[in-house]
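Worksheet: the structure to be examined is printed underneath.
When a residue number appears, it is its place in the shown sequence, counting from 1. We use all heavy atoms of the structure for the numbers below, so side chains are in, but hydrogens, waters and symmetry mates are not. Since the model is a prediction, treat every value here as computed from it, not as a measurement.
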Amino acid sequence: MTPDAWITAVTVLLILAGLIAGLASPSVLAFSGVVILLLLDVVEVAEALSGFSNPAPFTVGALFVVARAISKTGAIRPFTQWVMGDTGHIRRPMLRMLVPTTLASAFMNNIPLVAMMIPEVSSWARKRGSDAARFLLPLSYGAIFGGMATIIGTSTNLVVAGQMVDYGLEPFGFFELGLVGLPIAVLGVVTLVALAPRVLRRTRSPAAALAESERAFSIDMAVRARGPLDGVTVEQGGLRHLTGVFLASVDRGDSIVAPARPNTVLRGGDRLRFVG
């Protein structure tokens, strides 16, 4: 291996170690790795900045905007509730969830799709008295399986297709990856429905675990619109390290933030649950 290859390998290992240890956000660690390679003259300035001209990140970013809009308006909530239905314990609603999710992921990037579906699946599970944690991991894997069927199904496919064009190679056809990806997706969905309920039977979501831990008492308080807590984070509002109680969750009507994090921004109308 050349010295540049060794430097690149070490830099990648350092980034992975930083991600595992949670030293900083993924974007900061990845950008730091590029800066290191640039300073050590492993890559040229044009190569270091070439990723910003790749359309794949901007495509994924635009889809996140769409996913957020759908999540806030609840546009797909009736469809989600109808698809998952009211019959069956785990396997039947899981199958009903996975089939349309896998199909949709073939034509929509899987990351925004999962971000869009998480609130809807959580809402369905909450109404049924089920733990959403038993459905969210299969939801993620189902979207990954579907993303392998087309070139736009996942950001990885878009990035590789862009690199093939840059190097003068003929890019993938739209459905070309489906020759391999579609059979894997079908097998993956069947495996998830068969094994996930058994493997995840003891998995608990943070909200469910928090509800089980409320032993002494709990009290709800509302954030007053345009009051001192409206628009500030939990930490800025002095709601961290309280004596005898702690802020367990923030109920926003259409979603619940649990557990409440120090950087959670409070809004007027939020209902804060304290337990102690």
With clusters defined by side-chain heavy atoms of hydrophobic residues (ILVMFWY) lying less than 4.5 Å apart, directly or transitively, does [Y] cluster with [X]?
X: Y141; Y: V99; answer: yes
X: M117; Y: L103; answer: yes
X: L137; Y: L98; answer: yes
X: F31; Y: V12; answer: no
X: V193; Y: I90; answer: yes

Nearest heavy atoms of [X] and [Y], plus distance in Å:
X: R224; Y: D230; value: O-CB, 3.8 Å
X: L187; Y: T191; value: O-OG1, 2.8 Å
X: V180; Y: I184; value: O-CG1, 3.3 Å
X: E235; Y: R240; value: CA-CG, 3.8 Å
X: F145; Y: L192; value: CE1-CD1, 3.8 Å
X: V114; Y: S140; value: CG2-CA, 4.1 Å

[X] versus [Y]: any side-chain heavy-atom pair under 4.5 Å?
X: V234; Y: P262; answer: no
X: L177; Y: T150; answer: no
X: V250; Y: L266; answer: yes

Counting distance only, does the side-chain N/O of [X] pair as donor-acceptor with the main-chain N or O of [Y] below 3.5 Å?
X: S105; Y: G146; value: no
X: N157; Y: G147; value: yes
X: R134; Y: P197; value: yes
X: T264; Y: A260; value: no
X: S249; Y: R273; value: no

Under the side-chain contact (heavy atoms from CB on, under 4.5 Å) criterion, do L272 and V223 qualify, and how do the steps go? CA-CA 7 Å; L272 312 181; V223 176; 3.8 Å; yes

Rounded distance (nearest 0.5 Å) linking atom [atom1] of [X] with atom [atom2] of [Y]:
X: T101; Y: R96; atom1: OG1; atom2: CZ; answer: 13.5 Å
X: F274; Y: L247; atom1: CZ; atom2: CG; answer: 5.0 Å
X: R91; Y: R198; atom1: CZ; atom2: CZ; answer: 6.5 Å
X: T102; Y: M148; atom1: OG1; atom2: CE; answer: 9.5 Å
X: L113; Y: I118; atom1: CG; atom2: CD1; answer: 10.0 Å
X: D251; Y: D220; atom1: CG; atom2: CG; answer: 8.0 Å

Other residues, nucleotides and ligands only: do more than 12 of their heavy atoms fall within 6.0 Å of CZ on R261? no

Does a sphere of radius 6.0 Å around CE in M164 hold more than 12 heavy atoms from other residues, nucleotides or ligands, not counting ones at 6.0 Å or beyond?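 Buried by this count: over 12 neighbours within 6.0 Å.
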
Have a look at T11 and tell me which of L13, I7, T8, L14 forms a side-chain contact (heavy atoms from CB on, under 4.5 Å) with it. I7

Under the ring-ring contact (aromatic ring centres under 6.0 Å, His included) rule, collect the residues that match up with F135, sequence neighbours excluded. W124

May I have the step-by-step check of side-chain contact (heavy atoms from CB on, under 4.5 Å) for L95 and V189, ending in yes or no? CA-CA 8 Å; L95 178 62; V189 169; 4.2 Å; yes

Residues in side chain to side chain donor-acceptor pair (under 3.5 Å) contact with S32, at least two apart in sequence or another chain: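 S32: no side chain to side chain donor-acceptor pair (under 3.5 Å) contacts found.
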
Test of understanding: with side chain to side chain contact (heavy atoms under 4.5 Å, CB included), list the residues that count as partners of E176, not counting sequence neighbours. F172

